[in-house]
2 protein chains.
Amino acid sequence: MSRPAKKAASPRRRPAPYHHGDLRRVLIDAALQLAVEGGPDAVSVREAARRAGVSPGAPFRHFESRDALMLAVAEEAQRRFRTEIAAALADAPQGAPLQRLKRLGLAYLRWAARNPAHFEIISTGRAFDHDRAADLSRDNAEMIAMTEQLLAEAAAKGQLRPGVDLKTAQITGRALVYGLARMNLDRHFPRWGVRPEAVERMAEQAFDLFLDGLVAPA
Amino acid sequence: MSRPAKKAASPRRRPAPYHHGDLRRVLIDAALQLAVEGGPDAVSVREAARRAGVSPGAPFRHFESRDALMLAVAEEAQRRFRTEIAAALADAPQGAPLQRLKRLGLAYLRWAARNPAHFEIISTGRAFDHDRAADLSRDNAEMIAMTEQLLAEAAAKGQLRPGVDLKTAQITGRALVYGLARMNLDRHFPRWGVRPEAVERMAEQAFDLFLDGLVAPA
DNA sequence: ACCTGAACACCGTTCAAGT
DNA sequence: ACCTGAACACCGTTCAAGT
């Protein structure tokens, strides 16, 4: 069920290698799994240790606190997120910046919907408040720069309604995407009469409405 | 510092009334305060009991679990939220539905920014998943109906760009508002170069951009 | 009817001691 | 250098016993 690393060469039952192959890695994976099973709050250092087959104190050789473990988990989740976003943009049409923005938004939403626990760990402010998260910050800065470029490209091509401030458009777009992802995560959609299967279609319409409001009249 | 109810008629020090005046009420207030001090996760039944001057088991006469207490806290917070929203709409111009929508959004955001812990308890899906929250559901349904009416009024007055689907506009608007409130709560704005004092102005520009994209061209 | 206080099974975290 | 296992101070929750 678990214990992905190490082939366990010991012939006795209960191999229990005194020195774990890569405990740090195994703890992060266990924590990710715990988050999937019961949400971020269900991640416990003790349970992760248990699943790694290790004593309760062992994780603290690798993470100074539960928060530090959660930060490592967030960084791993962010890495996967980033990979998926990049893939979605890879096969989006070049030279159509607004189309690409829409793709980006939809990929963002889809990943958030399919990995709610990981998405919550990445995005919720709690825990690792500050800027200890070098990787997280870098990734985020890159995504921000990407949307900035795409909007600038659209503006340069005269595709935007005159008078639209780029930074405002950027943040409005992000708030829309994050809002939709969060509404889904926080189970708001049933109240708004949107069934789970309809969320993605709804999101696409929302993006279209936003982008149509942004573009220059024909 | 605490213990708002009961005047304490006992002449001895440590009044410790065996039967607490309104323990339920006092526990909810203590929990709200704990949330303000350390966020939703910092709310503990034991600490609330301690602040109420009561034994660890006592709260369970009034709430069957921590979740039930949190639900009561959410309902109280929602009540306050609702009151403030209503006040904001009271002095907004009648007959200008889009203006009123903007007011609504700004009031929503301002309350969320000033009461982050309470807002998080109300809006985060975790804990009281289902529809145990009769009051919460009712309040929410009312706010949803309100935005629906305002949009319908705008459409009836020909203020909306033709082809705009009302439900899409409604959900897009909500996602924008919720997204901005959440970005603030989850401390995303610094990454986007928006300083705390600038958030409200930024939000207003975002609303204007959205609403301008919605209105019929002159 | 409401509260106490001890109990149980959990946490996160520390630290001497083992290998 | 890394892990164990006991310990400490916390939780949520239950339950007999008190008033």
Side-chain angles (χ1 to χ4, degrees), chain A residues 2-3 5-6 8-10 12 14-28 30-31 33-35 37-74 121 126-129, chain B residues 2-3 5-6 8-10 12 14-28 30-31 33-35 37-73 121 126-128:
Chain A
S2 58
R3 188 79 63 78
K6 208 129 196 198
S10 153
R12 312 241 170 76
R14 287 287 214 107
Y18 193 86
H19 285 78
H20 207 290
D22 186 359
L23 184 51
R24 188 189 147 83
R25 177 77 247 156
V26 174
L27 287 170
I28 292 174
Q33 186 52 33
L34 285 170
E37 291 170 18
D41 292 351
V43 177
S44 101
V45 178
R46 285 185 103 106
E47 179 61 23
R50 225 171 277 131
R51 294 194 178 189
V54 106
S55 80
F60 292 91
R61 283 287 133 183
H62 300 269
F63 303 99
E64 71 174 337
S65 66
R66 194 194 107 109
D67 279 3
L69 171 59
M70 291 306 274
L71 177 60
V73 168
I121 290 172
R126 207 147 297 296
F128 34 93
D129 303 294
Chain B
S2 56
R3 187 79 62 79
K6 206 130 198 196
S10 152
R12 311 242 169 78
R14 287 286 216 108
Y18 194 85
H19 285 78
H20 206 291
D22 186 0
L23 183 51
R24 187 190 148 82
R25 178 77 247 158
V26 174
L27 287 169
I28 292 175
Q33 186 52 32
L34 285 169
E37 291 170 19
D41 292 352
V43 177
S44 101
V45 178
R46 284 185 105 104
E47 180 60 24
R50 223 170 278 131
R51 294 195 178 189
V54 106
S55 80
F60 292 91
R61 282 287 133 183
H62 300 270
F63 304 99
E64 71 174 339
S65 66
R66 194 195 107 110
D67 279 3
L69 171 59
M70 291 307 273
L71 177 61
V73 167
I121 290 173
R126 208 149 298 295
F128 35 91

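Naming: A, B, ... by sequence-line order, numbering from 1 per chain.
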Look for any protein N or O under 3.5 Å of an N or O in nucleotides 8-11 of chain C and output each such pair with its distance, or none.
from	atom 1	to	atom 2	distance (Å)
C/dC11	OP2	A/Arg50	NH2	2.9

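- Whole-Å rounding puts the A/Phe63 CZ to D/dC2 C1' distance at 14 Å.
- In this structure A/Arg61 satisfies the side chain to side chain donor-acceptor pair (under 3.5 Å) test with no other residue, sequence neighbours excluded.
- The distance between atom CZ of B/Arg24 and atom C1' of C/dC3, rounded to the nearest whole Å, is 17 Å.
- Residues satisfying the side-chain contact (heavy atoms from CB on, under 4.5 Å) criterion with A/Phe63, sequence neighbours excluded, are A/Arg24, A/Leu27, A/Ile28, A/Ala68, A/Leu69, A/Ala72.
- Here B/Arg46 contributes atom CZ and B/Ser55 contributes atom OG; the two are 9.5 Å apart, rounded to the nearest 0.5 Å.
- Whole-Å rounding puts the A/Phe60 CZ to D/dT4 C1' distance at 14 Å.
- For B/Gln33, the side chain to side chain donor-acceptor pair (under 3.5 Å) partners at least two apart in sequence or on another chain are B/Glu37.
- Of all the heavy atoms in B/Ala30 and B/Arg51, the pair that sits closest is CB-CB, 4.4 Å.
- Look at NE2 on B/His62: it is 9 Å from C1' on C/dC3, rounded to the nearest Å.
- Distance, B/Asp67 CG to D/dT13 C1': 13 Å, rounded to whole Å.
- Among all heavy-atom pairs drawn from B/Ala48 and B/Leu34, the shortest one is N-CD1, 3.9 Å.
- Taking atom CD of A/Glu64 as the reference point, atom C1' of C/dC15 lies 17 Å away to the nearest angstrom.
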Test log, rule side chain to side chain contact (heavy atoms under 4.5 Å, CB included), inputs A/Val73 and A/Val43: CA-CA 10 Å; A/Val73 168; A/Val43 177; 5.7 Å; no
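- In this structure, of D/dG5, C/dG5, C/dC3, it is C/dG5 that holds the atom nearest to the side chain of B/Pro56.
- Projected onto DNA chain D by closest heavy-atom contact, B/Arg61 and A/Gly57 fall at different nucleotides, the more 5' of which corresponds to A/Gly57.
- For A/Arg25, the salt bridge (Lys or Arg N to Asp or Glu O under 4.0 Å) criterion is met by A/Asp29, A/Glu76, not counting sequence neighbours.
- Closest of all the heavy-atom pairs between B/Asp41 and B/Arg66 is O-NH1, 4.3 Å.
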DNA chain C base-pair string [pairs: Watson-Crick or G-U under 3.5 Å; |: paired with another strand]: ||.|||||...|||||.||
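- The CG-C1' distance, from A/Leu34 to C/dG12, rounds to 15 Å in whole Å.
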